[in-house]
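Presented below is the structure to which this report refers.
These numbers were taken from a predicted model, which means no experiment stands behind them. Residue indices begin at 1 and follow the sequence shown.
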Amino acid sequence: MKRRIIAMAIALLTLMSLPLTAQAHVLTGNTSKVDYDNTDPNLYWIEIDLTNQIISVYQTTTGAVMLQSLCTTGGEETPTGAGVYKIGDLKERFGYFVAYGQYAQYWTQVVRGVYIHSVMYDSQKLSSMSKSAYRNLGKAVSHGCVRVLPHVAQWIYYNCPPGTTCKVTSVKPLDEALRSAIKAGIPAYDDYAQPADAKAAVPDVPATVRYNKTPLRTGFSTSKDTTVQNLNAGDNVMLLQIGAEWCKVRTTAGKLGYIKTPYLLFYPDAPVEKTQAYAATKKTYVYEEMDTGSEKLATLAQGTAVTVYENPKTGWYSASFNGVSGYVRTKYVALSETVAYPQLPIVETAPTVAAATGVSEDGAAATTSATQTVTRMDVSVNLRAQPSSAAAVVATLPPATPLHVMSIEGAWYYCSVGMVTGYLHESCLG
């Protein structure tokens, strides 16, 4: 037993000095764009021991302990559910908890709204790591997620891709000797060194809302989470986490929340098109002359793009906005980088039109105009997650299944069948 405890402590200490591998791989499809050090979901498996509040990662074939540390799981009112799960698609490098008002590093989704992530931070400054969260490692006091030391969360983030097995167990016996040995290897709060990370920041993916009344939610739960606001077709958002069912997004106004993936148009594997443009940093005006006392020809709201030609005088740009030419103050207009958002395809309608409705978990509906039709009469067809014959099959539809066509993208039709949405190739329609 003593040898085992010493080995576990060494495993923890060794992990803290492991370098990160460069030039890793980014998975394709509806999954967060992490630069993985390992993309094989069968190489490791994770165990979360609720009795001892210990997280361990094992090498699958040899059983070798890759890391082991204390963790914090859910408290009595918000327990972390025992079970065997497959790591999900949602990951985030340094994210904000919409429901709790704090930050954490290296989020890895276990199931739905349960993540493995670092202890909490009060901001995105590394110096703001929560002392209480750090000292609560080894106690069951979280909101349901699994909090770990930042370097442990980092290793799992880069080495445990979607599909990795995660076993959450409550049947292990109490092992105070092992807990004490692991705790002895954890530095005091003031001595803890935040892990270095030389990898490039994960780019946010631009997306466009497909339907009116699309709920932006604080999380996945129907009872504990709420709708932040309802978005409309054509609204733009940036994807911070990408998954097959849900995405975490940031609106252009800066609000964060979760939207069901089928309600969004985006291209997760396409390069993000970026351009530089001048925009108002706060409300300002286009003036007739280089004088604030001259006539105001147009009003620029914060974030409004404006065309700048030259800088004829200190403090002023020659500029135009919506066909109106004049002058703007340099202190209120700045060059910024913008991205190109996907454009909603034209919805083709037929004589028979019905309302296609996608209902969120809180009962709110996202609606758009749609064409009613049926699938082929002679064969079953596959409804796919993306407009590609290689995409995952969402559902197999029997012959002559009624459906609603909500939009058309080339040869692919975005359809709804009851509560299920996906893409059908034009050859699949009757």
Output field: ring centroids [X]/[Y] closer than 6.0 Å:
X: Trp155; Y: Tyr44; result: yes
X: Tyr317; Y: Tyr278; result: yes
X: Tyr258; Y: Phe220; result: yes
X: Tyr192; Y: Tyr134; result: yes
X: His117; Y: Phe97; result: yes

Decide salt bridge (charged side-chain N to carboxylate O under 4.0 Å, His left out) for Asp89 and Lys33; before the verdict, give the C-alpha distance in whole Å, the side-chain angles of both, and the deciding distance to 0.1 Å. CA-CA 9 Å; Asp89 291 305; Lys33 301 309 169 184; over 6 Å; no

On a heavy-atom basis, which atom in [X] and which in [Y] lie closest, and how many Å separate them?
X: Pro162; Y: Pro41; answer: O-CB, 3.5 Å
X: Pro150; Y: Ser118; answer: CA-CB, 3.9 Å
X: Gly243; Y: Thr261; answer: O-OG1, 2.7 Å
X: Ser142; Y: Cys145; answer: OG-O, 2.6 Å
X: Gly257; Y: Val98; answer: N-CG2, 4.0 Å
X: Trp246; Y: Leu90; answer: O-CD2, 3.4 Å

Going by distance alone, is a donor N or O of one side chain under 3.5 Å from an acceptor N or O of the other, for [X] and [Y]?
X: Asp225; Y: Thr218; answer: yes
X: Gln53; Y: Thr73; answer: yes
X: Gln241; Y: Tyr115; answer: yes
X: Asp235; Y: Asn232; answer: no
X: Thr396; Y: Asn382; answer: yes
X: Gln59; Y: Thr61; answer: yes
X: Thr227; Y: Arg217; answer: yes

Out of Tyr121, Tyr106, Trp107, which one pairs with Phe94 under the ring pair (Phe, Tyr, Trp, His ring centres under 6.0 Å) rule?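 That would be Tyr121; it is the only one of Tyr121, Tyr106, Trp107 passing the ring pair (Phe, Tyr, Trp, His ring centres under 6.0 Å) with Phe94.
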
Can you pull the salt bridge (charged side-chain N to carboxylate O under 4.0 Å, His left out) pairs that have at least one residue in residues 98-109, sequence neighbours excluded?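 Counting only pairs at least two positions apart or across chains, no salt bridge (charged side-chain N to carboxylate O under 4.0 Å, His left out) contact touches residues 98-109.
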
Distance-only, no hydrogens or angles: does the [X] side chain make a donor-acceptor pair with backbone N or O of [Y] under 3.5 Å?
X: Thr60; Y: Asn42; value: yes
X: Tyr414; Y: Pro262; value: yes
X: Arg179; Y: Gly138; value: yes

Report yes or no: is the cationic atom of Arg93 (NZ for Lys, CZ for Arg) under 6.0 Å from the centre of the six-membered ring of Tyr157, at an angle within 45° of the ring normal?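 Judged by the rule (NZ or CZ under 6.0 Å from the ring centre, within 45° of its axis), Arg93 is not positioned above Tyr157.
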
Evaluate the side-chain contact (heavy atoms from CB on, under 4.5 Å) criterion for residues Ile48 and Lys167: first the C-alpha distance (whole Å), next the side-chain angles of each, then the deciding distance (0.1 Å), finally the verdict. CA-CA 6 Å; Ile48 298 169; Lys167 181 180 180 182; over 6 Å; no

Can you tell me if CD on Glu77 sees more than 12 non-hydrogen neighbours from other groups inside 6.0 Å?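 No.
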
Surrounding CD of Glu176 (heavy atoms of other residues, nucleotides or ligands, distance under 6.0 Å), is the total greater than 12?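 Atom CD in Glu176 is packed in, count exceeds 12.
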
Does any part of the side chain of [Y], heavy atoms only, come nearer than 4.5 Å to the side chain of [X], both counted from C-beta?
X: Leu67; Y: Ile156; answer: yes
X: Glu47; Y: Lys172; answer: yes
X: Lys86; Y: Thr165; answer: yes
X: Val374; Y: Thr401; answer: no
X: Val34; Y: Val26; answer: no
X: Asp35; Y: His25; answer: no
X: Thr375; Y: Leu424; answer: yes
X: Thr252; Y: Asn236; answer: yes

Parallel, tilted or perpendicular: rings of Tyr100 and His143 (30°, 60°):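 Taking Tyr100 first and then His143, their aromatic rings lie parallel (interplane angle under 30°).
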
Pair Val114-Gln109, side-chain contact (heavy atoms from CB on, under 4.5 Å): steps then yes or no: CA-CA 6 Å; Val114 177; Gln109 184 190 33; over 6 Å; no

Run the side-chain contact (heavy atoms from CB on, under 4.5 Å) check on Val339 and Met238 step by step: do they pass? CA-CA 10 Å; Val339 301; Met238 296 298 286; 4.0 Å; yes

One thing to verify: whether Glu337 and Lys274 come together as a salt bridge, which I'm taking to mean a side-chain N less than 4.0 angstrom from a carboxylate O.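 Looking at Lys274 and Glu337, the cut-off is met.
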
Given Ile259 and Cys247, is the side-chain contact (heavy atoms from CB on, under 4.5 Å) satisfied, shown in steps? CA-CA 5 Å; Ile259 292 178; Cys247 291; 5.6 Å; no

Verify side-chain hydrogen bond (donor to acceptor under 3.5 Å, both in side chains) between Gln68 and Ser56, making sure each step is shown before the conclusion. CA-CA 4 Å; Gln68 191 165 56; Ser56 307; 2.7 Å; yes

Just to verify, which of Ile55, Leu137, Val119, Val146 counts as forming a side-chain contact (heavy atoms from CB on, under 4.5 Å) with Thr72?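 With Thr72 as partner, side-chain contact (heavy atoms from CB on, under 4.5 Å) holds for just one option, Leu137.
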
Test log, rule salt bridge (charged side-chain N to carboxylate O under 4.0 Å, His left out), inputs Lys248 and Glu92: CA-CA 9 Å; Lys248 184 180 179 183; Glu92 190 170 1; 3.0 Å; yes

